[in-house]
Amino acid sequence: MDILKKFSLEGKVALVTGAAYGIGFAIAQGLAGAGAKIAFNCRGQHHMDQAMADYEAAGIDARGYICDVTKEDQVAEMIASIEKELGPVDILVNNAGIIKRIPMTEMSAEEFREVVDIDLTAPFIMSKAVLPGMMEHRSGKIINICSMMSELGRETVSAYASAKGGLKMLTRNIASEYGCYNIQCNGIGPGYIATPQTAPLREIQPDGSRHPFDRFIIGKTPAERWGDPEDLMGAAVFLASSASDFVNGHILYVDGGILAYIGKQP
Ligand code: NAP
Ligand code: GCO
């Protein structure tokens with residue numbers, strides 16, 4: 001048996017949400033490297049123009065769509081266009097997400113809802129839009145980008161942790177409900193990854209020293225470094241490919257060991 005063939009995505013169509021930059025862009029690069037045709041979306045033309053140039057520079061013939069993943073009508077329109085232009089979506093990566101770092105007692109219900117809307121309700125909307133096609137073809141892969149906060153809490157991220165904890169359970173539920181159609185829904189739980197989302201936690205201080213949170217994360221991570229978006233490529237290709245056909249409802253943490261570690265002794 002040629003085991004590498006099981007990791008091939010040749011002939012597959014992959015849609016990665018929020019993949020103009022950051023983790024989504026790296027995952028799309030990984031899937032393209034394994035042979036998939038790439039569709040992605042973001043919300044604004046400015047990011048789209050830059051992203052199209054970045055995909056081209058990476059040698060990837062990606063299709064970009066302006067679409068807000070919280071809007072069911074825009075999502076339906078995007079999926080219809082992808083089906084027409086590339087073919088049915090075989091692989092969906094629910095990557096688009098935001099975070100608001102605000103102490104819970106100072107956070108408005110509106111701010112809380114916005115995070116849950118993008119980080120949890122949108123993966124429901126996106127998955128609901130591709131599931132009928134996957135059921136018809138009796139095959140499909142959905143990958144939800146979860147978080148350390150699917151397992152852990154910390155100050156200021158109540159909405160994000162609630163949404164990412166919920167996303168872990170949405171993952172298990174999709175696996176439970178649609179596994180009989182040969183659809184696998186799994187999650188990737190990235191550790192602390194250097195992207196625009198985490199840039200405020202890594203800012204150099206006015207006195208030239210490292211941000212205290214930066215130092216805290218290095219101390220919490222056995223690998224003693226932040227992750228790079230590229231660290232997530234292998235897990236994404238595995239979960240998108242037939243190599244993972246009997247893996248369902250699993251969250252694969254790619255965290256340099258954070259969840260295994262009690263932390264450095266003082
Ligand atoms: P990022 O750099 O902030 O990128 C987020 C992407 O999501 C952007 O492309 C953004 O596009 C898009 N997006 C946000 N809201 C959207 C919406 N309503 N509709 C469509 N696109 C939307 O974040 P990242 O660090 O790469 O994170 C990607 C995912 O991994 C997120 O779900 C995040 O929670 C998760 N994650 C990140 C880390 C980390 O340490 N960085 C760790 C664990 C999990 P626009 O700019 O066009 O809005
Ligand atoms: C934070 C971070 C995180 C991460 C990530 C960890 O403020 O604690 O932004 O929550 O980005 O999701 O896995």
Side-chain angles (χ1 to χ4, degrees), residues 15-29 39-52 54-55 64-72 74-75 78 93-103 113-126 143-168 170-171 187-203 211-214 216-217 220-221 225-232 235-236 251-259:
L15 166 58
V16 187
T17 67
Y21 51 87
I23 289 174
F25 180 69
I27 287 179
Q29 276 185 285
F40 74 97
N41 73 295
C42 67
R43 286 178 292 190
Q45 194 58 50
H46 172 67
H47 285 156
M48 180 56 76
D49 291 343
Q50 182 59 51
M52 289 310 288
D54 291 344
Y55 277 100
Y65 301 86
I66 302 282
C67 169
D68 182 333
V69 286
T70 64
K71 306 273 188 285
E72 282 190 277
Q74 291 184 24
V75 167
M78 172 172 70
V93 183
N94 282 311
N95 167 77
I98 62 161
I99 191 164
K100 286 184 191 289
R101 300 182 185 96
I102 305 171
R113 280 195 202 100
E114 192 192 338
V115 175
V116 172
D117 207 25
I118 295 176
D119 292 359
L120 178 57
T121 311
F124 160 80
I125 290 172
M126 288 298 311
I143 302 170
N144 292 326
I145 304 304
C146 298
S147 164
M148 294 293 88
M149 271 64 219
S150 299
E151 300 293 338
L152 303 168
R154 81 170 190 87
E155 305 79 359
T156 75
V157 298
S158 59
Y160 186 78
S162 304
K164 294 295 186 178
L167 188 57
K168 173 178 70 177
L170 178 63
T171 303
I188 294 175
Y192 278 80
I193 312 293
T195 70
Q197 193 204 74
T198 53
L201 306 176
R202 284 175 286 107
E203 256 170 24
H211 194 296
F213 198 89
D214 183 350
F216 165 68
I217 287 304
K220 277 294 285 180
T221 310
R225 67 171 176 89
W226 284 69
D228 293 318
E230 292 71 24
D231 284 317
L232 302 162
I251 311 298
L252 176 47
Y253 290 99
V254 182
D255 66 352
I258 296 178
L259 289 178

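As the structure lists them, so they are numbered: ligands from 1, and atoms in each ligand from 1.
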Asker: Near Pro196, which atoms of ligand 1 are under 4.0 Å from a heavy atom of that residue?
Answerer: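 Answer, ordered by atom number: 2 (O).
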Asker: Under 4.0 angstrom from ligand 1, any heavy atom of Asn95?
Answerer: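 Yes, that is the case, since the closest heavy atom of the residue is under 4.0 Å from the ligand.
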Asker: Take Glu151 and Tyr253 through the side chain to side chain donor-acceptor pair (under 3.5 Å) test and state the conclusion after the steps.
Answerer: CA-CA 10 Å; Glu151 300 293 338; Tyr253 290 99; 2.6 Å; yes
Asker: Roughly how far apart are Phe124 CZ and Glu72 CD, rounded to 0.5 Å?
Answerer: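 That separation rounds to 7.0 Å.
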Asker: Output yes when a side-chain donor or acceptor of Asn144 lies under 3.5 Å from a complementary backbone atom of Gly187, and no otherwise.
Answerer: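 No, the answer is negative, given that no donor and acceptor are paired below the 3.5 Å cut-off.
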Asker: Judged by non-hydrogen atoms, does Gly191 sit under 4.0 Å from ligand 1?
Answerer: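 Within the 4.0 Å threshold, so yes.
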Asker: Is any side-chain heavy atom of Asp214 less than 4.5 Å from a side-chain heavy atom of Glu203?
Answerer: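 A side-chain contact under 4.5 Å is absent here.
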Asker: Among Ile27, Leu167, Asn94, find the residue that satisfies the side chain to side chain contact (heavy atoms under 4.5 Å, CB included) test when tested with Ile145.
Answerer: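 One option only clears the test, and that one is Ile27.
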Asker: Are more than 12 heavy atoms, taken from residues, nucleotides or ligands other than Arg113, located less than 6.0 Å from that residue's CZ atom?
Answerer: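 Incorrect, the count does not exceed 12.
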Asker: Begin with the C-alpha distance, continue with both residues' side-chain angles, and end with the deciding distance and a verdict on ring-ring contact (aromatic ring centres under 6.0 Å, His included) for Phe40 and Phe25.
Answerer: CA-CA 9 Å; Phe40 74 97; Phe25 180 69; 8.2 Å; no
Asker: Which part of Thr195 is near ligand 1, with near meaning a heavy atom under 4.0 Å away: side chain, backbone, both or neither?
Answerer: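 It is the side chain that touches ligand 1; the backbone stays farther off.
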Asker: Would His47 count as a polar contact of ligand 1, with the cut-off being nitrogen or oxygen pairs under 3.5 Å?
Answerer: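 Checking ligand 1 against His47, an N or O pair does fall under 3.5 Å apart.
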Asker: If you count the atoms of ligand 1 from 1 in the order shown, which ones are under 4.0 Å from a heavy atom of Gly22?
Answerer: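 Those of ligand 1 that fall under 4.0 Å from Gly22 are 26 (O).
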Asker: Examine Tyr192 against ligand 1 and note whether any of their N/O atoms are separated by less than 3.5 Å.
Answerer: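 No: no nitrogen or oxygen of Tyr192 is under 3.5 Å from one in ligand 1.
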Asker: List ligand 1 atoms under 4.0 Å from Thr198, heavy atoms only on the residue side.
Answerer: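 Taking each heavy atom of Thr198 in turn, ligand 1 has 39 (C), 40 (O), 41 (N) under 4.0 Å.
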Asker: Looking at ligand 1, is there an atom of it that comes within less than 4.0 Å of some heavy atom belonging to Cys146?
Answerer: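 Per 4.0 Å heavy-atom rule, Cys146 contacts ligand 1.
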Asker: In the protein, what heavy atom is nearest to atom 36 (N) of ligand 1, and what distance, to one decimal place, separates them?
Answerer: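 Closest protein heavy atom to atom 36 (N) of ligand 1: Tyr160 OH, 3.5 Å.
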Asker: Taking atom CD of Glu155 as the centre, report whether more than 12 heavy atoms of other residues, nucleotides or ligands fall under 6.0 Å from it.
Answerer: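 Counting other residues, nucleotides and ligands, CD of Glu155 stays at 12 neighbours or fewer.
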Asker: Can you find an N or O of Arg43 that's nearer than 3.5 Å to an N or O of ligand 1?
Answerer: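 N/O-N/O distance below 3.5 Å exists for this pair.
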Asker: If you take the nearest heavy atom of each of Ile193, Val16, Ile23, Ile145, which one is closest to atom 37 (C) of ligand 1?
Answerer: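 Looking at heavy atoms only, Ile23 sits closest to atom 37 (C) of ligand 1.
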Asker: Main chain of Lys164, side chain of Asp119: is a donor-acceptor contact present, judged purely on distance under 3.5 Å?
Answerer: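 No, because the side chain of Asp119 does not come within donor-acceptor range (under 3.5 Å) of the backbone of Lys164.
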Asker: Which atom names give the shortest non-hydrogen contact between Asp231 and Arg225, and what distance separates them?
Answerer: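 Scanning both residues completely, I find the closest heavy atoms to be OD2-NH1, 2.9 Å.
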Asker: Numbering the atoms of ligand 1 from 1, which are under 4.0 Å from a heavy atom of Ile118?
Answerer: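 Those of ligand 1 that fall under 4.0 Å from Ile118 are 15 (N), 18 (N).
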Asker: Applying a 4.0 Å heavy-atom criterion (strictly less than), which segment of Cys67 is in contact with ligand 1: side chain, backbone, both, or neither?
Answerer: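 Backbone only.
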Asker: Please list, by chain and number, the protein residues whose heavy atoms come under 4.0 Å of ligand 2.
Answerer: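 The 4.0 Å shell around ligand 2 contains Ile99, Arg101, Ser147, Met148, Met149, Arg154, Val157, Tyr160, Pro190, Gly191, Tyr192, Gln197, Thr198, Leu201.
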Asker: More than 12 heavy atoms of other residues, nucleotides or ligands under 6.0 Å from CZ of Phe213: yes or no?
Answerer: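 Yes, enclosed.
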Asker: Quick test: of every protein heavy atom, which one is nearest to atom 33 (C) of ligand 1, and how far off is it to 0.1 Å?
Answerer: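 Residue, atom and distance for the closest contact: Gln197 NE2, 3.2 Å.
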Asker: Please identify which atoms of ligand 1 are closer than 4.0 Å to at least one heavy atom of Asn41.
Answerer: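 In order of numbering, the contacting atoms are 20 (C).
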Asker: Do any N or O atoms from the side chain of Gln74 and from the backbone of Cys67 form a donor-acceptor pair under 3.5 angstrom?
Answerer: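 A pair under 3.5 Å: no.
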Asker: Which residue holds the protein heavy atom closest to atom 5 (C) of ligand 1, what is that atom called, and what is the gap in Å?
Answerer: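 Its nearest protein heavy-atom neighbour is Gly97 O, 3.7 Å.
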Asker: Side-chain contact, heavy-atom cut-off 4.5 Å: Val16 with Asn41?
Answerer: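 Counting from C-beta outward, Val16 and Asn41 never come under 4.5 Å.
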Asker: Starting from atom 10 (C) of ligand 1, find the nearest protein heavy-atom neighbour and note its residue, name and distance.
Answerer: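 Among all protein heavy atoms, the one nearest atom 10 (C) of ligand 1 is Tyr21 OH, 3.9 Å.
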Asker: In terms of relative ring orientation, are Tyr192 and Trp226 parallel, tilted or perpendicular, with 30° and 60° separating the classes?
Answerer: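 Tyr192 vs Trp226 ring planes: perpendicular.
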Asker: Would you say ligand 1 has an N or O under 3.5 Å from any N or O of Val69?
Answerer: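 Such a contact does occur with ligand 1.
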Asker: Could you check whether any side-chain heavy atom of Asn95 comes within less than 4.5 Å of a side-chain heavy atom of Thr17, counting everything from C-beta outward?
Answerer: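 When only atoms from C-beta onward are counted, Thr17 and Asn95 do touch, with a gap below 4.5 Å.
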Asker: Nearest protein heavy atom to atom 22 (C) of ligand 1, by residue and atom, and its distance?
Answerer: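 Checking every protein heavy atom, the shortest distance to atom 22 (C) of ligand 1 gives Ala96 CB, 3.6 Å.
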Asker: Looking only at distances, can you tell me whether any N or O atom of Lys164, backbone or side chain, sits closer than 3.5 Å to an N or O atom of ligand 1?
Answerer: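 There is such a contact, yes.
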Asker: Which heavy atom of Val254 sits nearest a heavy atom of Ala235, and at what distance?
Answerer: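 For Val254 and Ala235, the tightest heavy-atom pair comes out as CG2-CB, 3.8 Å.
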Asker: Which atoms of ligand 1 are found less than 4.0 Å from any heavy atom of Asp68?
Answerer: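 Contacts of ligand 1 toward Asp68, numbered from 1: 17 (C), 18 (N), 19 (N).
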Asker: Among all protein heavy atoms, pick out the one at the shortest distance from atom 12 (C) of ligand 1; state its residue, atom name and that distance to 0.1 Å.
Answerer: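 In this structure, atom 12 (C) of ligand 1 has Gly18 CA, 3.6 Å as its nearest protein heavy atom.
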Asker: Relative to the heavy atoms of Pro190, which atoms of ligand 1 are at a distance of less than 4.0 Å?
Answerer: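 Ligand 1 atoms under the 4.0 Å threshold to Pro190: 42 (C), 43 (C), 44 (C).
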Asker: Run the contact test for Met149 against ligand 1 with a 4.0 Å cut-off on heavy atoms, strictly below, and give the result.
Answerer: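 No, Met149 has no heavy atom closer than 4.0 Å to ligand 1.
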Asker: Go through the structure and list residues passing side chain to side chain contact (heavy atoms under 4.5 Å, CB included) with Lys220, not counting sequence neighbours.
Answerer: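 Partners of Lys220 by the side chain to side chain contact (heavy atoms under 4.5 Å, CB included) criterion, ordered by chain and then number, come out as Phe216.
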Asker: Is a side-chain donor or acceptor of Asp255 paired with a backbone partner of Gly257 at a separation under 3.5 angstrom?
Answerer: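 Yes.
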